[in-house]
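Below, chains carry the letters A, B, ... as their sequence lines are ordered, and counting in each starts from 1.
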There are 2 protein chains.
Amino acid sequence: MTEQIPDKPDGDKTFVRLDDVDRKILSLLQQDASLSLDQIADRVGASKTPVWNRIRKLREAGVIRRQVAILDPEALGLEACFFVLIRTSEHDKEWAARFLRALRERPEVVEAHRLAGDIDYILKVQVRNARAYDRFYQSLIGEVKIHNVTALLSMEEIKASSALPIAEASG
Amino acid sequence: MTEQIPDKPDGDKTFVRLDDVDRKILSLLQQDASLSLDQIADRVGASKTPVWNRIRKLREAGVIRRQVAILDPEALGLEACFFVLIRTSEHDKEWAARFLRALRERPEVVEAHRLAGDIDYILKVQVRNARAYDRFYQSLIGEVKIHNVTALLSMEEIKASSALPIAEASG
DNA sequence: GTTGAAAGGATGGACCT
DNA sequence: AGGTCCATCCTTTCAAC
């Protein structure tokens, strides 16, 4: 389980057909990427070579994006997590580009989505404390015009899974 | 970069003191856990053994929780992502326990937080399509009583980082 | 912190079924 | 396609300095 694919620009949207063995492999790897090839082969009931070839293909196809270490936010002193609901009045391209760049260059923005409906964006922001959030907020609205912001403070992380639900049946 | 810590029940909230080398190591690993010890040692400007000892301690202390593969949701046919805002009227312990269990046992709930303020919970739900979301929704409200639900549909994932912002300066 | 050695895993080739 | 065997290289792991 080594080597990363160097910047796959998702060129091939050749729809990858996954069979049950692929899904089993993915399911294992998204829960624990430190498993050895032997262990994986064992658990999916196949032997090393085919499993290794499948993993390689899944990486090349971009199904497996990358392999990362998941850290404990609190151990890093990041005890405050906010979900930020954003409404904007601007909808032109230039504004969107600036807003996007502002989000991408701020590491405390851990996640960002453009939404359908009357709320335009949602952010997940991970910071040290409320004061740090305020600094982030002031800095953001100083950089791009935003109509309305609602911040939801997380009191407790009930569930945080990096694992996606992998369906049993194929399409 | 192998071996997982087997179920660390976060016993030691002995606050881990991290120095700059620790932070550099964590920063690298949370972006690419497939780096070899040699590469990490190289980039932090130290040699293998001390780096290896630090990583071991960071794992044992629970700063590094686990090591996972990040998959592409769309490649798995999970094209719909919803943020779900939940208000409840119930606030007793029993209700909360049931609600919690309901969330934990549903794999499509990828993330869940209890909030401060008038919205009580936020969920992130990853599913195949709107119909699958509706099935999830019906099933959830059939299992636990919920006062009010608002679903926000993601049109575009602008940013999705599993990497936390690691501060440069210590406390 | 450094060196180096031993054990084990990853990668890929050759050749089967 | 998958399976087995094998060879080589690379890492991890840890002992000794």
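- In this structure, CG of B:N53 is placed 12 Å from C1' of C:dT2, rounded to the nearest angstrom.
- For the pair B:R56 and D:dC14, the criterion of a side-chain N or O lying under 4.0 Å from OP1 or OP2 is met.
- For A:S47 and D:dG2, the shortest distance from a side-chain N or O to OP1 or OP2 is not below 4.0 Å.
- D:dT11 atom P lies 18 Å from atom CG of A:D38, rounded to whole Å.
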Pair A:F136-A:V109, side-chain contact (heavy atoms from CB on, under 4.5 Å): steps then yes or no: CA-CA 9 Å; A:F136 159 78; A:V109 178; 3.5 Å; yes
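- Following rounding to the nearest Å, B:R54 (CZ) and C:dT2 (P) show an atom-to-atom distance of 11 Å.
- B:K48 places its NZ atom 13 Å from the P atom of D:dC14, with the value rounded to the nearest Å.
- The shortest distance between side-chain heavy atoms of A:H113 and B:C81 falls below 4.5 Å.
- Sorted by first and then second residue, the pairs that involve residues 139-153 of chain A and meet salt bridge (Lys or Arg N to Asp or Glu O under 4.0 Å), not counting sequence neighbours, are A:E90-A:K145, A:R106-A:E143.
- The distance between atom CG of B:L29 and atom P of D:dT12, rounded to the nearest whole Å, is 10 Å.
- Side-chain atoms of B:T49 come within donor-acceptor range of the base of C:dT3, with a qualifying N/O pair under 3.5 Å.
- For A:P50, counting side-chain heavy atoms from C-beta on, the closest listed nucleotide (C:dT11, D:dG2, D:dT13) is D:dG2.
- D:dT8 atom C1' lies 13 Å from atom CH2 of A:W52, rounded to whole Å.
- The CG-P distance, from A:L37 to D:dG3, rounds to 13 Å in whole Å.
- Residues forming a side-chain hydrogen bond (donor to acceptor under 3.5 Å, both in side chains) with B:S27 (at least two apart in sequence, or on another chain): none.
- With rounding to whole Å, A:K57 atom NZ is found 13 Å from C:dG12 atom P.
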